[in-house]
Number of protein chains: 2
Amino acid sequence: MRMDQIKSPVRCGNCSVRRLCLPAGLSDQDVDKLEAVTKKKQIVKAGERLYGAGDSFSNLFAIRSGSFKTAVIAADGDTQVTHFALPGEILGLDAYSGRTHPSYAEALETSSVCVLPFARLEELAQAVPALQQQIYAIFSEELQQENEILMLLGKRSADTRLAAMLINISSRYARRGYSSTRFVLSMPRTDIANYLGLTAETVSRLFSRFQKEGLIRVAQRDVEITDLIGLSELAGTHCSFDESELGRNSVS
Amino acid sequence: MRMDQIKSPVRCGNCSVRRLCLPAGLSDQDVDKLEAVTKKKQIVKAGERLYGAGDSFSNLFAIRSGSFKTAVIAADGDTQVTHFALPGEILGLDAYSGRTHPSYAEALETSSVCVLPFARLEELAQAVPALQQQIYAIFSEELQQENEILMLLGKRSADTRLAAMLINISSRYARRGYSSTRFVLSMPRTDIANYLGLTAETVSRLFSRFQKEGLIRVAQRDVEITDLIGLSELAGTHCSFDESELGRNSVS
DNA sequence: CGCGGTGTTGACATACCTCAATCTCCGTGG
DNA sequence: CCACGGAGATTGAGGTATGTCAACACCGCG
């Protein structure tokens, strides 16, 4: 029932997301040290957990490929999906202070991660200021992202929430070199709904409505954004894209 | 229009919240170094901003006394209150990665903060592992807290949200040596509502209802929790208090 | 003593949830 | 290869928690 652990040495150099991950901003020399600290690669199959809520904290995980959801569990067993994580992102940072994971991370598809023993990483960061700064930056970005989601959940209507999430996913894929307009959502409707504070039915209805309005084309988990500007406007984020570069495919 | 800046040297030793603040876990010697890095004290009056959204980032702020709200501003001008900060907490961490503050911090009452130039703090942390760890811990705790709020906004009913917020404030006051059952809320109803993703009217109605149900007594911003256990149960957090130590004052 | 900002209360509107039926997709076994 | 079954997704009808709008009350301050 446990996950595969591959001892093959990790090489950041041939990793497609090294510019988004911990090595960002590090010299080749420092990257070597980082690789030396990285224990191994690990494969996690869809539905398996990288760590569970309450597990003791010893490693951070860097996503090489695939995707994860993270979620917290309330006293009454209710869970809240807090993030959908893509390659290059670091999982487990919220466990530092308590020495135990307050959330769990579950693979949405077969995924591969680098295992980073935090004690050794901490030690290395103490000697390598650029790494230290990168760790701060990752913490800080996570805080910023969470604030954006608070805004979504606190103030936005259901359609705005879903639009914002699609734009968010789209731009994150774009940064990773994938299409910003065609992608496959690796998570089921229930997870999207949970993440957005809605029900699966509402999410489904919205997908249908967006399609009718010509904003997207959707078939199950395949999504094509046909009007990126229109969707961005709905999401209320006219900023994350340079509009001049985007063709608007008007429909109605 | 700018805020007072008092050059009197900062002394963590006589600060009531040093155990919750950056000095936590540091040796006396390291605390001395931390004080040397701390620029000055600053007084912020009610309604004034410690920093605004978009301001360039150079300092962190440690709250000595008083309280703040932090909020993010969307493209359409809509704002979302993201946190109510109490003495001992650090403000500004989310600005690290972007070099600019993504949120603003506004004093809810006349407050006093220590100004921490981040460049120097970073430098010191590079030399003092205990400080490094404390910074990680603070980042990590903030992430955890945000996840809790996501749960509130995503899954909880209005009454549960308000109850959870009151319990949260109560326990944070308790940790600072104040009463956990009687306190003055330094923020107006509109801020509470904004924070909880509700309207001021709903919050007001809930305060009235809680009072009718014997959970609290409330007069404007003065709050007395008369049934801490009942309120905790409503909040769904039977964990943050040791129930045996709490008298339940049944009413109806 | 009056004024303005803050808080309270009421009546009504509505966005989203709930419950339930149906459909689609896809893996499994015959 | 096809039939079956089950999970996920869609669609519909109706209910409800919370928002909206508006009047009023309270408190602090000039």
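All chains are named by letter (A, B, ...) in the order of the sequence lines, taking the proteins before the strands, and each is independently numbered beginning at 1.
Minimum interatomic distance between Leu93(B) and Ser140(A) (heavy atoms only, all atoms of both residues): O-OG, 3.2 Å.
Summarising the geometry, the separation between CG on Asp191(B) and P on dG5(C) is reported as 16 Å, rounded to the nearest angstrom. One atom, NZ of Lys155(A), and another, P of dT20(D), lie 10 Å apart when rounded to the nearest Å. Between Arg205(B) atom CZ and dG10(C) atom P there is a gap of 9 Å when expressed in whole angstrom units. Remark: C1' of dG19(D) and CZ of Arg189(B) are 18 Å apart, rounded to the nearest angstrom. Distance, Leu206(A) CG to dC17(C) C1': 13 Å, rounded to whole Å. Atom C1' of nucleotide dA7(D) and atom CG of Leu108(A) are separated by 16 Å, given to the nearest angstrom. One interatomic measurement links the two molecules: CD1 of Ile192(A) to P of dG8(D), which rounds to 13 Å at whole-angstrom precision. In this entry the distance linking CG of Leu196(A) with C1' of dA15(C) reads 15 Å, nearest Å.
Taking side-chain N and O atoms only, Ser208(A) has a distance below 4.0 Å to OP1 or OP2 of dT11(D). For the pair Thr199(B) and dG19(D), the criterion of a side-chain N or O lying under 4.0 Å from OP1 or OP2 is met.
Using a 4.0 Å heavy-atom distance criterion, Arg221(B) is classed as a sugar-phosphate-only contact. Looking at heavy-atom distances under 4.0 Å, Gln220(A) makes contact with sugar-phosphate atoms alone, never a base.
Salt bridge status for Glu109(B) with Arg221(B): absent, with no side-chain N to carboxylate O gap under 4.0 Å.
Of all nucleotides listed (dT9(C), dA9(D), dG12(D)), dA9(D) comes nearest to the side chain of Ser204(A).
Environment of CZ in Arg209(A): crowded, with over 12 heavy atoms of neighbouring residues, nucleotides or ligands closer than 6.0 Å.
Judged by distance alone, with hydrogens and angles left aside, Glu201(A) brings no side-chain donor or acceptor close enough to the base of dC16(C) to form a pair under 3.5 Å.
For an aromatic pair to be called close, the ring centres must be under 6.0 Å apart, and Tyr104(B) with Tyr51(B) fails this.
With DNA chain D read from its 5' end, the first of the two nearest nucleotides for Arg156(B) and Phe207(A) is the one closest to Phe207(A). Along DNA chain C, the nucleotide closest to Pro188(B) and the one closest to Leu198(A) are compared, and the more 5′ of them pairs with Pro188(B).
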Evaluate the salt bridge (charged side-chain N to carboxylate O under 4.0 Å, His left out) criterion for residues Arg156(B) and Asp76(A): first the C-alpha distance (whole Å), next the side-chain angles of each, then the deciding distance (0.1 Å), finally the verdict.
CA-CA 12 Å; Arg156(B) 303 310 197 183; Asp76(A) 62 1; 3.0 Å; yes
